[in-house]
Amino acid sequence: MNQRDKMRELYMQLHGNKDLIIDAYAKAESEGEVQRKRNMKKYGPKAYAKLLFSDGLRKHWILK
């Protein structure tokens, strides 16, 4: 599953609860359920989940 699809799925399942979504996404990434193509800035799973969640809200792709 790609990153955006996973984030959208969690957003719907967890009713937009930011903290639960970030924790669930970080866990999914740690378990290999979703992978990043690159990690040039060496963000950990939770830090990256926060950035991805914010990006989804800012650019409105999380609600599609």
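Just so it is clear, the structure is predicted and the values come from calculations on it, not from any experiment.
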- prompt: Are side-chain heavy atoms of Q35 and E29 found at a separation under 4.5 Å?
  reply: no
- request: Kindly write out the residues that satisfy side chain to side chain contact (heavy atoms under 4.5 Å, CB included) with K59, not counting sequence neighbours, or none if the list is empty.
  value: D55, W61
- prompt: Residues two or more places apart in sequence or in another chain: which of them pass side chain to side chain donor-acceptor pair (under 3.5 Å) with K6?
  reply: E9, E33
- request: Looking only at non-hydrogen atoms, find the nearest pair between L57 and I62 and report the distance.
  value: CD2-CG2, 3.8 Å
query: Does L51 belong to the same Ile/Leu/Val/Met/Phe/Trp/Tyr cluster as M7, with side-chain heavy atoms less than 4.5 Å apart forming each link?
result: yes
- prompt: Can you list the residues that meet the side chain to side chain donor-acceptor pair (under 3.5 Å) rule with R4, with sequence neighbours excluded?
  reply: none
field: Listed once per pair and sorted, the side-chain hydrogen bond (donor to acceptor under 3.5 Å, both in side chains) pairs that draw on residues 11-25, sequence neighbours left out
entry: D23-K46
Heavy-atom closest pair, residues A26 and A49: N-CB, 4.3 Å
task: With sequence neighbours left out, write down each residue that passes side chain to side chain contact (heavy atoms under 4.5 Å, CB included) with M12, or none if nothing qualifies.
output: none
- request: Work out which heavy atom in V34 is nearest to a heavy atom in M1; give both atom names and the distance.
  value: CG2-O, 3.5 Å
task: Check the pair R36 / Y43 against side chain to side chain contact (heavy atoms under 4.5 Å, CB included), numbers first and verdict last.
output: CA-CA 11 Å; R36 287 185 247 172; Y43 291 119; 3.8 Å; yes
